[in-house]
Amino acid sequence: MFTYKFVSNVLKRVLKPVLRSVLTALIVLASANVLSADNIPDVVGEISGEALLAQHPAFMDEYKSYQPSDAEIEAVSALEDDTLLILFGAWCHDSEREVPRLLKTLDASGLNVPQFTLFAVDRKKSDPEGIAEKHALKYTPTFILMRDGEEIGRVVERAETSLTQDLQALAAAAE
């Protein structure tokens, strides 16, 4: 008959190395971004709004559920002379909230302004093209309003009023 001490020692010798190996493998996979929260690989680089919504369900869910106000929609017209660079992370909860809301508001306006570029960064807020570094990205999402190739302002992470209204205020201040 086996004693408790014998069984305990056997379990320690056999299970401890196995558990350590499994835990190590999970840590390596997670740090290599092989495993993500939604099993969707991170996007890095320029992406269209359509592709972003099609490939990332959390973005599409927010897009579908968001209803922009009339004031937000009206604010879009003030951005007709400007361009917008949107630096975001497909992994970032703030990006999942703010980027689809902007896309929905732009679509609801029926206008083709402002021209914008969606540019995804990795979890270290960098990219192979150096766009994030060039624009001193610290937090995602960052919405950079540009006129004639020069930055006139930015909204970082979350708008104070609404994203389009905050961008409208930046555009007006640059007049």
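Side-chain contact between Val155 and Glu98 is absent, with no heavy atoms from C-beta onward closer than 4.5 Å. When side chains are defined from C-beta on, Phe88 counts as touching Leu52, because their heavy atoms get closer than 4.5 Å. Annotation: side chain of Gln165 is not in contact with side chain of Glu74 (no heavy-atom distance under 4.5 Å). Using a 4.5 Å heavy-atom cutoff, the side chains of Leu170 and Asp82 are not in contact. Side-chain contact between Met60 and His56 is absent, with no heavy atoms from C-beta onward closer than 4.5 Å. Counting only heavy atoms from C-beta outward, the side chains of Tyr66 and Leu103 never approach each other to under 4.5 Å.
Hydrophobic clustering keeps Leu167 apart from Leu87 (ILVMFWY residues linked when any side-chain heavy atoms are closer than 4.5 Å, directly or through intermediates). Connection of Met146 to Val121 is established within a shared hydrophobic cluster, with ILVMFWY side chains joined at heavy-atom distances below 4.5 Å, either directly or through further cluster members. Hydrophobic clustering of Ile, Leu, Val, Met, Phe, Trp and Tyr side chains at less than 4.5 Å, counting indirect connections, keeps Leu145 apart from Val156. Phe116 and Val76 fall within a single hydrophobic cluster, where Ile, Leu, Val, Met, Phe, Trp and Tyr are joined by side-chain heavy atoms under 4.5 Å apart, directly or via other members.
Nearest approach of Lys64 to Lys104, heavy atoms of both residues: O-NZ, 3.5 Å. Minimum heavy-atom separation, Ala171 to Ala78: CB-O, 4.1 Å. Taking each heavy atom of Pro68 and Ala108 in turn, the nearest pair found is CG-CB, 4.1 Å. Glu96 and Ala90 make their closest contact through OE2-O, 3.8 Å (heavy atoms, listed as atom of the first residue, atom of the second, distance).
For the atom pair Gln55 CD and Ser48 OG, the distance stands at 8.0 Å (nearest 0.5 Å). Here the CZ atom belonging to Arg101 is positioned 14.0 Å from the CG atom belonging to Leu106, to the nearest 0.5 angstrom. A distance of 8.0 Å separates CG of Leu163 from CD1 of Ile86, quoted to the nearest 0.5 Å. One distance of note links CD of Glu150 with CD1 of Ile144; it measures 12.0 Å at 0.5 Å rounding. Rounding to the nearest 0.5 Å gives a distance of 9.5 Å between CG of Leu102 and CG of Asp107.
Between the side chain of Asp166 and the main chain of Glu160, a donor-acceptor pair closer than 3.5 Å is present. Panel note: side chain Trp91, backbone Val43; no donor-acceptor pair is recorded below 3.5 Å.
Using a cutoff of 4.0 Å between basic side-chain nitrogens and carboxylate oxygens, Asp94 and Arg97 are scored as salt-bridged.
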For the pair Tyr63 and Val99, evaluate side-chain contact (heavy atoms from CB on, under 4.5 Å) and give the outcome as yes or no after the intermediate values. CA-CA 9 Å; Tyr63 179 90; Val99 173; over 6 Å; no

Test log, rule side-chain contact (heavy atoms from CB on, under 4.5 Å), inputs Glu46 and Thr117: CA-CA 7 Å; Glu46 190 171 339; Thr117 302; 3.7 Å; yes

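Screening residues 127-145 for side-chain hydrogen bond (donor to acceptor under 3.5 Å, both in side chains), with sequence neighbours left out, gives no hits.
Open room surrounds CD on Gln115; 12 or fewer heavy atoms of other groups in view lie less than 6.0 Å from it.
Screening Leu79, Thr83, Thr164 for a side-chain contact (heavy atoms from CB on, under 4.5 Å) involving Pro114 leaves a single residue, Leu79.
Qualifying salt bridge (charged side-chain N to carboxylate O under 4.0 Å, His left out) partners for Glu50, counting only residues two or more places apart in sequence or in other chains: none.
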